[in-house]
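Notes follow the structure.
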Amino acid sequence: MPELPEVETVVRELRPRLVGRRLVAVQVSPLRLRQKWSRRWGPLLVGRRVQAVRRRGKWIIVDLDHDRHLLLHLGMTGQLTIARTQQPVARHTHWIATLNSGREQLRYRDIRRFGSAAFLPSAARLAGFFHKAQLGPEPFDLDQGYWFASLARTRRCLKAALLDQRLVAGVGNIYADEALFEARLFPGQLGIRTNRAQAERLRQAIARVLNRAIERRGSSIRNYIGASGRQGDYQREFRVYGQTGKPCPRCRAPIRRLRLAGRSTHFCPRCQPATPARASAGRPL
DNA sequence: ATAGGCGCCTGCTGGC
DNA sequence: TGCCAGCAGGCGCCTA
C-alpha cells in the first residue's frame, strides 16, 4: 500500500515524537512478517535512544544510538503509529515498543503481513543491506542521462520500469499511473521506444506527482494512516488511478484500465495514446 | 541476464 | 442471508 509519499509522511510525523526518546520495552506477536521479526532483536533494541528517523525508497530507517539501525517496510497494509499506552491494541498489531515516558508506544500493525523488518548492527551493515537490494536513486535525485539510458535499455513497458525499485526507488502502482498520465505517456510503451523528450517529461512528472502527494500527506484508500493515525488526502486528487470509466480530467474521454506487469493500470486512451501523434513525435526537444 | 507469473496474507465488495 | 470470485498502496522466488 504505502508508496513514497505515504512513507515520507509516516517518517515526518514520527520524527518529532521519536527522536531523543528511548525504547524501554519491546513486545512481539508470534505471527511472522514477510521477513521474520527475530526474538533476538528485542534485547538489542531495549535501552536504545532514537537518534534519527529517515526514509530511503519505501523503507523507514530508525537510527539508534550504539550504531544500531532498525529498518521497516510497510508492505501493502503496514501502519506505524505512536499511540498512548492505554489505548487498546488493534488486531494485527505485530510488535510494540514502549517509549521512555511509559505513556506512549510505537506500534507496528499489518493486516496482510506483507511488511518486513530488519535489524542492522552497524552503519556498514545498513549500507550493505541497500547495496544488496540494488535500490535505485531517490526520484527527486534522478539524473537526466541515467534515467533516459535506464529506460532506453529495457524491453519492459514504462509501467513495469517505474515499479522496478532498482531503476528508481519509491514509486508504486498509484504514482506510476499518475506520473504516466502527467507525462502523457502510454503505460504499455516499451522502454526502448522512449525518446529523450519523453524520458524527461516522465522524470519531471514523477517528482511533481510525488511532491503533490506528500503535500496532501499521501493517499488513503483503505488502510493507510500516518504515524499520528491521520489519513492522507491525495486520493481525492487521483486523475486516473481507480477512475476507470470516469471522464479524463483533461479531455473527458473515459479512463481505461488494463493489466500490466501484473498490476492494475489506469490511463486516458486519448491523452496517453499507444502510438504518439505525428505532431508530437516530430516536435524538437 | 531479463521479463512475466505466482504466491504470500486478510478483508472487503459485488453478483448470483 | 450466504457463498464465491475478484480485487487491493509490495515484493521475492521461480521459470522460460
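A note on names: the letters A, B, ... follow the listed sequences, proteins ahead of strands, and every chain is numbered from 1. Keep in mind that the numbers below use all heavy atoms, side chains included, and drop hydrogens, waters and symmetry copies.
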Self-check item: Whether over 12 other heavy atoms sit under 6.0 Å from A/Arg250 CZ
Solution: yes

Practice problem: Looking at every strand, decide which applies to A/Ser116 at a 4.0 Å heavy-atom threshold: base, sugar-phosphate, or nothing. | Solution: nothing

Quiz prompt | Rounded distance in Å - CD (A/Gln134) to P (C/dC11) | solution = 14 Å

Practice problem: Using whole Å, report how far CG of A/Leu167 lies from C1' of B/dT2. | Solution: 12 Å

Quiz prompt | For B/dC9, the Watson-Crick or wobble counterpart (both distances under 3.5 Å) | solution = none

Practice problem: Would you mind telling me which residue lines up with the more 5' stretch of DNA chain B, A/His92 or A/Ala261, judged by nearest nucleotide? | Solution: A/Ala261

Exercise. May I ask you to verify if any side-chain N or O of A/Arg259 is less than 4.0 angstrom from the OP1 or OP2 atom of C/dA8?
Key: yes

Self-check item: Atom-to-atom span, NE2 of A/His266 to C1' of C/dA8 - whole angstrom
Solution: 10 Å

Quiz item: Are side-chain N/O atoms of A/Asp110 and A/His94 paired as donor and acceptor at under 3.5 Å?
Solution: no

Self-check item: Whether A/Glu178 side chain and A/Arg239 backbone form a donor-acceptor pair below 3.5 Å
Solution: yes

Exercise. Output the single nucleotide from B/dA3, C/dA8, C/dG10 whose closest atom is nearest the side chain of A/Thr154.
Key: B/dA3

Exercise. With heavy atoms under 4.0 Å as the rule, sort A/Gly172 into base, sugar-phosphate or nothing.
Key: sugar-phosphate

Practice problem: For A/Arg222 and for A/Arg155, find the nucleotide of DNA chain B with the closest heavy atom, then tell me which residue's nucleotide is more 5'. | Solution: A/Arg155

Exercise. Indicate whether any N or O donor in one side chain lies under 3.5 Å from an N or O acceptor in the other, for A/Thr77 and A/Arg222.
Key: no

Quiz item: How many Å lie between CG on A/Asn223 and C1' on B/dG11, as a whole number?
Solution: 8 Å

Exercise. Nearest whole angstrom, please: distance from the P of C/dC11 to the CG of A/Asn173.
Key: 11 Å

Quiz prompt | Separation of the P atoms in C/dC11 and B/dA1, to the nearest angstrom | solution = 22 Å

Quiz item: Think A/Ser264 has a side-chain N or O under 4.0 angstrom from the OP1 or OP2 of C/dA8?
Solution: yes

Quiz item: Which is true for A/Ile111 with a 4.0 Å heavy-atom rule: it touches a base, it touches only sugar-phosphate, or it touches nothing?
Solution: sugar-phosphate

Quiz item: So what does A/Arg166 hit on the nucleic acid, given a heavy-atom distance under 4.0 Å: a base, only sugar-phosphate, or nothing?
Solution: nothing

Quiz item: With centres under 5.5 Å and planes under 30° as the test, does A/Phe114 stack with B/dC8?
Solution: yes

Quiz item: Using a cut-off of 4.0 Å on non-hydrogen atoms, how would the nucleic acid contact of A/Arg153 be classed: base, sugar-phosphate, or nothing?
Solution: nothing

Self-check item: Nearest-Å distance for atom pair CG/P, residues A/Leu163 and C/dG12
Solution: 13 Å

Self-check item: P spacing across the pair B/dC9 / C/dC14, given as an integer number of angstrom
Solution: 15 Å

Practice problem: Find the distance A/Ile192:CD1 to B/dA3:C1' and express it as a whole number of Å. | Solution: 13 Å

Quiz item: Any side-chain N or O of A/Arg91 less than 4.0 Å from the OP1 or OP2 oxygen of B/dG11?
Solution: yes

Quiz item: Over how many whole Å does the gap from A/Arg113 atom CZ to B/dG11 atom P extend?
Solution: 10 Å

Self-check item: N-O pairing of A/Arg56 and A/Glu138 below 4.0 Å
Solution: yes

Quiz item: Is the shortest distance from a Lys or Arg side-chain nitrogen in A/Glu182 or A/Arg208 to a carboxylate oxygen in the other one below 4.0 Å?
Solution: yes

